[in-house]
Each structure stands twice: as structure tokens, then as C-alpha cells.
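First the structure, in the form of C-alpha cells, and then the observations on it.
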Amino acid sequence: MLTTLTLLTLAAQAAPTPQFHKDIVPILQARCQSCHRPGEAAPFSMLTYKDTRPWAKAMKAAVAARKMPPWFADSATGHFRNNPTLPQKEIDTLSQWADNGAPEGNPADAPKPLAFTNGWNIGQPDAVFEMPTAFEVPAKGSVDYQWIVIPTGFKEDKWLEAVEVRPGDRSVVHHVIAFYRRPGSKWLADAPPGVPVPKASNSSETGMSDGSIGGYVPGLPPRALGKGRALLLPANSDLVLQLHYTASGKAAKDQTKVGIIFAKQAPKERHIGIAVGNGKFVIPPGDPNYRVDGEITLGADLRVLDFTPHMHLRGKSYEYTAIFPDGREEKLLSVPKYDFNWQLTYELAEERVLPKGTRIHATAYFDNSPNNPFNPDPKAEVRFGDQTWDEMMVGFFSVAVPPDFNLRNLIQQAPPKPPATGAGGR
Ligand code: HEC
């Protein structure tokens, strides 16, 4: 026994201290540099030893606490192919490196630097739509959401295989969603094309978008569907960009653009976004744990691809559960600690066909108490709305259907609910 222990201790002592170029760079390339490099979302670069070295201790702390890379799904529920969580071995390597003075080692041991595209990540687009003029973001203060209508001029339906939304200046772009609206839509009907309009609403009172083709959120790769799948952009639609800017301390200009690649062949499947949510809740002032539920019933056998829960600053947790026609229940995604700053999409490692009649049930909790550091106003009664001081309870998810699928069959009409027990209670 003693000998074994001694040997183990010796072995531990003999393990060489991890070196930056040899041991750390491969981890950073695989897990961190997508965001931690110049021009991207993260506050410092991890491309060189000089830039990385001062952050060694903070890096150790961030990975040990699993704050970085950002990921919020409970690991006990489902498997997701874009889960970036570090294996324990890599956390240990980063920790030992930080604890031992973060040595550089020999630059010759480093793997080849990753080649980052400064152009389009999806490849050369077939069509590009750009904001006609730059939006000026002030150095300080909050900026209302901006909405800008950009006509496509496409006279016929288009199948889109890849879409990339590229901000002009990532230091001030919090997120962008590229919606579309069909001809004749009342949504933003008064907005002159090409001119940003502040504060416009995406709520049912003023009309609604007809869907989105993509978006930009820090660190998320652009949408490239693959597998013979494509999004349908109906003829004569306009794009409507929703732009959320955040002041960075320096005045800046942003001119965001959207690049599109058309499917070269007729797609095998159509990629469609669905949402399960609730727009009728009222969160009481000060409530630390207010529950809101939403549910839809699938109108056909549907192949489910991914989930994107969306709430605002009072959002606490979000769960999707499938309730099968035979009554069996299965949790599909659980995000126990929702964070508004990270609008992540969770892509199923194995796509699932859920049978017709399956109910997709979503449950969210909100913290409207003063203990929520992000709460803009704990005294407010909070309803659905698109400003960050309003709330949302939307569980987006994507499905793949045959190209000629009749969208009316996507969701079953909800059965009439008994009074006073609807969603929004506890
Ligand atoms: C998806 C993008 C993304 C990835 C991947 C990512 N980071 Fe970050 N990181 C950020 C952003 C944005 C911030 C600043 C905001 C914040 O702190 O939440 C940040 C902040 C940090 C900080 C600052 C201190 C802190 O904890 O707030 C550290 C340290 C850090 N990241 C380490 C890492 C390491 C190590 C990796 C890889 C193992 C990594 N990050 C991967 C985007 C990313």
C-alpha cells in the first residue's frame, strides 16, 4: 500500500508542467479561439502567448467553474452535438499550467495556427444584402432595438442552403436576427426601406414576422444546413433585420450584412422554425420564481433538429418536454440557469422523429425579485414584449419536413382549455 502511494506521488511529481505551445494552444484552438480572437465577441485574444499569458489564472477559474466556454444545458438531459464543454483532462491541463507560472515552452512545439476567414464563413454568397447606411452607435448609454426593412427583389420562391449575418463592427453588435415578411404584411408597414426604425414591435398587435432565416449571436457559427436541407424564402419577401446594439465606450459605426447561398438542387427537406411559448403571462412584482407554461401539439411526424430557448433579463430556467401520444414523457432539453447574454442553440446529437400528436411542453421560470442582479425593475408587473424590460417566453425549435409539406399540418389546433387553469398560473 505504502509503496503504491509513494509511486503515485512520484509519478505525479514527475508529470511535466504543461507548456503553452505544446499543451495549451491545442485546447485554445479547439475550444476558445472561435470567440477569443481580434474582432470577435470575447474581451481578449488567445492567439498568442503574449496576449494569453496575463489571463492564465482567470482562464483556470473560468473553466473550473464551467463558465467558459458558455453552455447552459443540463448534462443529464439529452446529447447535443455542439456541446463545447471541456473534458476534465483539459481543465486539469489548463489549471496545472496556470498554477505553475504559465510557462511558454518552445514555439516550435505549437500546432499550425488556425486559418480564420475574414470574409464569409459560408463561402462566397450568391446574394448579399447590406444596410444601405451605417448605424452610428454612441459611446455610452443604451440604444433602442433598431429594425430595418431590406427588400430582396426576389420575384420567385428561393431555397436557401446557408445564411450568414455579418456585423460590420462586432464590438457593438449584441445580436441580429434576420426576419422576413411576406408581401402585403402589415408588420412595419410604415417603415421606409433601408432606414433603421427604433423600438418597433414584433408583437401580434402590430403584425408579425413570417419567420427568420438566420441571425448573429457572438460565438455561434452561421447557419449552414447541409444534408440536402434548405429554408424557403417566399417570393417578393422583404428581409427585416432586428439589431441590438450595445455601447462599448467608444463611438462606433455598424453596417451589418446578410449573405445567402442558394440551394443548387431541389432540396430533399425543408428546414422550418417552430416556437412553443406563451404570450399571455403577467409576472407579479417581486416574484422570485414565477412559472409560465406553453404547449403545442405536433400535427405530423416531425424530425426535430435543435432548440433555442428565448427569454429576457428575468428568465431563470427553460425546459422542453415531449409528452407522447401514449402519455409517456421525456425531457428534451433543460436549461437550469438561463443567461440572457447567451442565446444558444442546442443541436441534437441525434435528430429525433417525434410522432404526430406529441405535445411539446415548455416550462419557464422567471425571477422578478430584487435578488436578480439583471432585473431592470422588481416593482414592475411584467408582460410579453420585445424590449429587454418586457419579457418573452419563447421556445424555438427546428424541424425538417418534405419540401412540399403543407405548413397547416405542422401544429394541431389546441383543444379548448377549461377556464381559469390556463398557462401562466403556478
Ligand atoms: C462562444 C464564445 C466564447 C468561447 C467559445 C469562449 N469564450 Fe471566454 N468569453 C467570451 C465572452 C463574450 C466573454 C466576455 C463576457 C463574459 O465574461 O461573459 C468571455 C470572457 C472570458 C474570460 C474573462 C473572465 C470571466 O470569467 O468573465 C475568460 C477568462 C475566458 N472567457 C476564458 C475562456 C476560455 C479558457 C475558453 C476556452 C476554453 C473560452 N473562454 C471560450 C466568449 C467565449
Side-chain angles (χ1 to χ4, degrees), residues 18-73 75 80-100 102-104 110-111 113-114 116-117 121 164-167 169-176 214-223 244-250 252 306 308-309 312-313 315 335 337-347 372-374 388:
Q19 310 284 310
F20 181 76
H21 293 291
K22 182 159 171 278
D23 309 296
I24 303 302
V25 173
I27 300 177
L28 305 185
Q29 286 187 346
R31 318 270 185 196
C32 316
Q33 289 180 356
S34 59
C35 302
H36 286 268
R37 64 177 209 262
E40 291 293 334
F44 63 100
S45 164
M46 295 189 198
L47 293 189
T48 64
Y49 179 68
K50 192 171 148 280
D51 289 341
T52 311
R53 167 72 187 84
W55 292 90
K57 284 262 187 300
M59 287 162 64
K60 173 189 165 180
V63 295
R66 301 196 180 269
K67 258 185 74 185
M68 285 284 151
W71 186 252
F72 301 92
S75 59
F80 299 94
R81 75 181 172 83
N82 60 333
N83 182 348
T85 307
L86 261 56
Q88 189 58 44
K89 198 165 152 274
E90 295 183 10
I91 297 179
D92 294 344
T93 304
L94 275 171
S95 303
Q96 285 157 17
W97 176 67
D99 289 343
N100 286 285
E104 174 167 15
L114 296 184
F116 292 108
T117 42
N121 290 307
E164 179 169 356
V165 178
R166 278 189 84 76
D169 184 342
R170 280 162 206 256
S171 70
V172 290
V173 177
H174 178 277
H175 79 250
V176 183
Y216 164 80
V217 187
L220 275 195
R223 185 178 248 178
H244 180 189
Y245 291 110
T246 43
S248 70
K250 267 199 300 199
D306 59 44
T308 311
H312 289 170
L313 297 162
V335 174
K337 281 183 82 177
Y338 176 83
D339 184 333
F340 174 66
N341 291 308
W342 299 102
Q343 305 283 331
L344 301 189
T345 295
Y346 300 88
E347 300 172 19
N372 173 2
F374 305 107
T388 46

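Any value given below was found using the heavy atoms of this structure, including those in side chains, with hydrogens, waters and symmetry copies removed. Each ligand, and each atom within it, is numbered from 1 in the order the structure gives.
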Say whether, by atom type as modelled, one donor and one acceptor occur between the side chain of Asp51 and the main chain of Phe44 under 3.5 angstrom. no
Mind checking whether Val63 contacts ligand 1 via backbone (N, CA, C, O), side chain (CB onward), both or neither, at a 4.0 Å heavy-atom cut-off? side chain
Heavy-atom closest pair, residues Ala56 and Ala102: CB-CB, 3.7 Å
Looking only at heavy atoms, which two atoms of Pro38 and Leu47 are closest? And how far apart? CD-CD1, 3.7 Å
Decide whether an N or O pair under 3.5 Å exists between Trp342 and ligand 1. no
Do we see a donor-acceptor contact under 3.5 Å between the side chains of His21 and Glu104? yes
Could you tell me, atom by atom, which parts of ligand 1 come under 4.0 Å of a heavy atom of Cys35? 1 (C), 2 (C), 3 (C), 4 (C), 5 (C), 42 (C), 43 (C)
Correct closest heavy-atom pair for Gln29 and Leu114 would be O-CD1, 3.5 Å
Is the closest N or O pair between His36 and ligand 1 shorter than 3.5 Å? yes
Numbering the atoms of ligand 1 from 1, which are under 4.0 Å from a heavy atom of Ala58? 29 (C)
What one should report as the nearest heavy-atom pair of Trp97 and Pro18 is CD1-O, 3.2 Å
Using a distance-only test with no angle check, is there a side-chain donor-acceptor pair under 3.5 angstrom linking Asp92 and Gln88? yes
Of all the atoms in ligand 1, which lie at a distance below 4.0 Å from a heavy atom belonging to Arg31? 5 (C), 37 (C), 38 (C), 41 (C)
Taking non-hydrogen atoms only, is Pro70 closer than 4.0 angstrom to ligand 1 via side chain, backbone, both or neither? side chain
Where's the contact between Asn341 and ligand 1, heavy-atom distance under 4.0 Å: side chain, backbone, both or neither? neither
Taking only heavy atoms of Ser34 into account, list the atoms of ligand 1 that are under 4.0 Å away from them. 5 (C)
Of Glu90, Met59, Gln33, Met68, the one whose closest heavy atom lies nearest atom 30 (C) of ligand 1 is Met68
Tightest non-hydrogen contact, residues Asp306 and Glu347, listed as CB-CA, 3.8 Å
What atoms in ligand 1 come closer than 4.0 Å to a heavy atom of Lys67? 25 (C), 26 (O), 27 (O)
Is there a heavy atom of Pro43 sitting under 4.0 angstrom from any atom of ligand 1? yes
